[in-house]
There are 2 protein chains.
Amino acid sequence: MSQFKVISLESIRVACKNCTLASLCLPMGLSPEDVERLDEIVKRARPLHRGDYLFREGDRFRALYVVKTGSVKTFAPSSEGGEQVLGFHLPGEIIGLDAIDKDVHACSAKVLETSAICEIPFTRLEDLTATTPSLQHQMYRLLSKEIGQDTDMLLLLGKKNAEERLAAFLLSLSQRLHKRGLSPSDFYLSMSRHEIGNYLGLAVETVSRLFTRFQEDGLMCVDRKHIQLLDLPALESLVGGSGQSRRQQQQQT
Amino acid sequence: MSQFKVISLESIRVACKNCTLASLCLPMGLSPEDVERLDEIVKRARPLHRGDYLFREGDRFRALYVVKTGSVKTFAPSSEGGEQVLGFHLPGEIIGLDAIDKDVHACSAKVLETSAICEIPFTRLEDLTATTPSLQHQMYRLLSKEIGQDTDMLLLLGKKNAEERLAAFLLSLSQRLHKRGLSPSDFYLSMSRHEIGNYLGLAVETVSRLFTRFQEDGLMCVDRKHIQLLDLPALESLVGGSGQSRRQQQQQT
DNA sequence: ACCTATTCTTGATCCAGATCAAATGGCAGA
DNA sequence: TCTGCCATTTGATCTGGATCAAGAATAGGT
């Protein structure tokens with residue numbers, strides 16, 4: 001029995017060098033030898049299930065996590081009991097970078113559907129990057145990229161209306177899935193309308209109404225959690241801003 | 001004349017090891033020898049004036065910038081001509097981390113008042129961190145901290161109302177100035193109401209009205225750009241959320 | 001000191017999206 | 001298959017803060 005378990009774990013043993021997501025993950029641009037060394041510290045890719053936590057707010061920071069398959073949401077408690085969804089993480093995306101500073105997780109990470117997650121002990125990674133300049137550079141880029149993404153989100157929450165936000169959200173998913181070799185126009189939403197609304201700073205009802213409207217306008221086809229984007233260009237022009245909707249605030253400060 | 005200039009530049013030559021901001025900046029926690037090495041690559045702390053740019057959106061990324069005195073705002077163009085203020089940067093704070101990933105600045109940085117800025121060529125810094133584990137760790141923490149701050153901002157824009165946003169903004173300034181040895185309750189705002197509103201996702205008029213209201217409520221004293229916070233605890237309880245204002249959306253997704 | 005442009009303040013009105021309310025539809029568990 | 005709970009949708013109403021519209025206070029330039 002315990003032997004079975006070992007075998008089972010071995011069978012799903014991570015192998016960065018064979019991972020189809022390598023080009024999106026840390027190994028990107030590393031030499032084969034460097035990937036080999038990285039491979040040795042990556043701990044496991046055990047399957048987790050909907051509702052499982054990778055870590056909780058307040059947990060000591062130990063490792064970074066990479067989604068191999070499935071999806072994860074991160075969220076932080078807001079004042080007075082509610083929560084703010086901080087992000088949805090798809091295959092190839094790294095979770096936990098925000099905890100390096102304080103050595104404690106300030107948010108929780110919860111698995112949205114059955115997922116395989118790689119775990120990278122941070123101390124060991126740090127040691128490795130100290131002797132592998134290309135990996136160090138990769139880490140800097142990764143951290144920097146995260147900042148850039150947060151910036152995009154600030155722009156979205158600060159300047160865009162409901163319609164633009166949902167369109168941007170759908171396009172973001174589309175683009176990220178596409179990079180992972182999946183269909184950019186046909187996918188499942190592993191998160192609830194509630195979570196989407198929370199993430200985008202909108203009420204559930206608004207999200208629901210927008211899905212309906214986008215469908216009526218022929219932009220997409222919605223069936224429960226199954227989404228088909230029928231008119232990417234139109235969605236892109238929606239995000240661009242203006243379109244025919246209300247005038248935006250033109251602040252030049 | 002050119003000799004004068006050289007002397008002048010020399011006189012303001014950065015010396016991390018003597019900098020009063022060292023504990024907030026990169027040298028934090030470095031050994032004297034490491035600081036010495038860092039010192040050698042920091043380029044200058046030339047004085048800049050209101051309206052000067054450290055860099056503009058689209059510029060090639062070359063260096064990180066640290067505010068020594070004064071203040072800087074960073075902002076990105078939003079769709080349709082407006083701009084989104086991304087942050088205000090006070091002494092000891094580092095600017096440009098978001099550009100490492102793409103090697104191009106996605107935002108612009110503009111000086112708000114006469115300021116002294118240190119410039120740290122990134123390539124040289126990166127080389128240095130590769131041979132100085134403590135500095136590498138410092139860099140990771142720095143990048144991570146930036147992500148954490150963006151996260152806080154997402155929470156603010158996604159979940160807080162106008163009153164809470166402005167209170168949070170004032171307290172943030174207060175706390176940051178305090179860390180720099182300045183008064184936490186008496187300071188000047190180097191940015192306009194417009195810029196504050198833009199940053200917080202509010203209209204100028206709303207910011208102005210809130211300043212008036214906070215003053216009427218005895219929370220603070222506003223005279224043009226001169227601010228005195230009279231009741232820090234009250235401001236903190238405002239940020240906390242609830243208070244007596246409208247109920248918040250309690251989303252547990 | 002004077003003039004002009006800009007920033008800030010204050011008041012009136014409007015509206016996107018939140019909130020409230022209720023019906024419908026899925027799905028997990030027995 | 002049935003039951004009950006939760007997610008989603010749809011409709012009606014409400015409201016915080018945006019927008020519109022003037023003044024008032026400042027700062028900068030000459």
Side-chain angles (χ1 to χ4, degrees), chain A residues 49-51 78 82 112-114 156-167 188-216 220 222-227 238 241-253, chain B residues 49-51 78 82 112-114 156-167 188-216 220 222-227 238 241-253:
Chain A
H49 303 95
R50 175 169 180 78
S78 74
L112 288 171
E113 61 190 313
T114 302
L156 183 142
L157 289 177
K159 294 274 169 296
K160 295 190 185 299
N161 64 28
E163 185 179 75
E164 293 165 336
R165 291 182 197 190
L166 189 63
Y188 280 85
L189 298 175
S190 58
M191 68 296 289
S192 70
R193 305 284 195 269
H194 223 109
E195 289 166 322
I196 295 172
N198 185 309
Y199 177 60
L200 297 176
L202 301 172
V204 204
E205 295 92 328
T206 303
V207 173
S208 179
R209 273 185 257 270
L210 283 171
F211 272 135
T212 304
R213 173 134 61 90
F214 283 177
Q215 178 155 246
E216 285 168 359
M220 62 188 294
V222 185
D223 172 30
R224 198 69 179 148
K225 288 180 178 301
H226 180 210
I227 296 294
L238 268 190
S242 58
Q244 62 303 322
S245 64
R246 62 148 174 169
R247 136 182 35 184
Q248 291 297 110
Q249 49 184 139
Q250 290 272 72
Q251 302 182 99
Q252 33 265 347
T253 56
Chain B
H49 303 94
R50 176 171 179 77
S78 75
L112 289 171
E113 62 190 313
T114 302
L156 183 143
L157 290 177
K159 292 277 168 296
K160 294 189 185 301
N161 65 25
E163 185 179 75
E164 294 165 334
R165 291 182 197 191
L166 190 62
Y188 280 85
L189 297 175
S190 59
M191 69 296 289
S192 70
R193 303 285 194 270
H194 224 110
E195 287 166 323
I196 295 172
N198 186 309
Y199 176 60
L200 297 175
L202 301 172
V204 204
E205 295 91 329
T206 303
V207 173
S208 180
R209 274 185 257 270
L210 283 171
F211 272 136
T212 304
R213 173 135 62 90
F214 283 177
Q215 178 154 246
E216 285 167 358
M220 62 187 295
V222 185
D223 173 29
R224 197 68 179 148
K225 287 178 178 302
H226 180 209
I227 296 293
L238 269 190
S242 59
Q244 63 303 322
S245 64
R246 64 147 174 168
R247 135 184 33 184
Q248 292 297 112
Q249 49 184 137
Q250 293 271 75
Q251 300 181 102
Q252 35 264 349
T253 56

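Protein chains get the first letters and strands the later ones, always in sequence-line order, with residue 1 at the start of each. Atoms considered below: every heavy atom in the structure, side chains included; atoms not considered: hydrogens, waters and symmetry mates.
Just one of B:Asn161, B:Thr206, B:Leu200, B:Leu238 meets the side-chain contact (heavy atoms from CB on, under 4.5 Å) condition when paired with B:Leu166; it is B:Leu200.
Computed from C1' positions of five pairs at each end, the angle between the two local axes of the helix from C:dA1-D:dT30 to C:dA30-D:dT1 equals 60°, rounded to 10 degrees.
Taken to the nearest 0.5 Å, the CG atom of A:Asn198 stands 4.0 Å off from the NZ atom of B:Lys159. The structure places OG of B:Ser190 at 8.0 Å from CD of B:Glu195, a figure rounded to the nearest 0.5 Å. Taking NZ of B:Lys225 as the start and CG of B:Asp223 as the end, the distance is 11.5 Å to the nearest 0.5 Å. Distance check: B:Gln215 CD to B:Leu210 CG gives 12.5 Å after rounding to the nearest 0.5 Å. In this structure, OG in B:Ser192 is found 8.5 Å from CG in B:Leu112, a value given to the nearest 0.5 Å.
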Pairs: protein N or O with nucleotides 9-13 of chain D N or O, under 3.5 Å:
residue	atom	partner	partner atom	Å
D:dT9	OP1	A:Arg193	NH2	3.2
D:dT9	OP2	A:Arg193	NE	2.9
D:dT9	OP2	A:Ser208	OG	2.8
D:dT9	O5'	A:Ser208	OG	3.0
D:dT10	OP2	A:Thr212	OG1	2.7
D:dG11	N7	A:Arg209	NH1	2.8
D:dG11	O6	A:Arg209	NH2	3.3
D:dA12	N6	A:Arg209	NH2	3.4

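Rounded to a whole Å, the CZ atom of B:Arg165 is 10 Å from the C1' atom of D:dG17. Separating the CZ atom of B:Arg50 from the C1' atom of C:dT6 is a distance of 11 Å, rounded to the nearest angstrom. Residue B:Leu166 contributes atom CG, which lies 17 Å from atom P of D:dG16 at whole-angstrom precision. As rounded to whole Å, 14 Å separates atom P of C:dT9 from atom CG of B:Leu202. Whole-Å rounding puts the B:Lys160 NZ to C:dA18 P distance at 17 Å. Look at OH on B:Tyr188: it is 19 Å from P on C:dT7, rounded to the nearest Å. Look at NZ on B:Lys159: it is 16 Å from C1' on D:dG16, rounded to the nearest Å. One interatomic measurement links the two molecules: CG of B:Asn161 to C1' of D:dG17, which rounds to 10 Å at whole-angstrom precision.
Within the 4.5 Å cutoff, the side chain of B:Phe214 has heavy atoms near those of the B:Glu163 side chain.
In terms of position along DNA chain C, the nucleotide closest to A:Arg213 lies nearer the 5' end than the nucleotide closest to the other residue of the pair A:Asp223 and A:Arg213.
Every side-chain contact (heavy atoms from CB on, under 4.5 Å) that B:Arg193 has, sequence neighbours left out, goes to B:Leu189, B:Val204, B:Val207, B:Phe211, B:Val222.
OP1 or OP2 of D:dA7 has not a single side-chain nitrogen or oxygen of A:Lys225 nearer than 4.0 Å.
A:Leu202 approaches A:Ala162 most closely through the heavy-atom pair CD2-CB, 3.7 Å.
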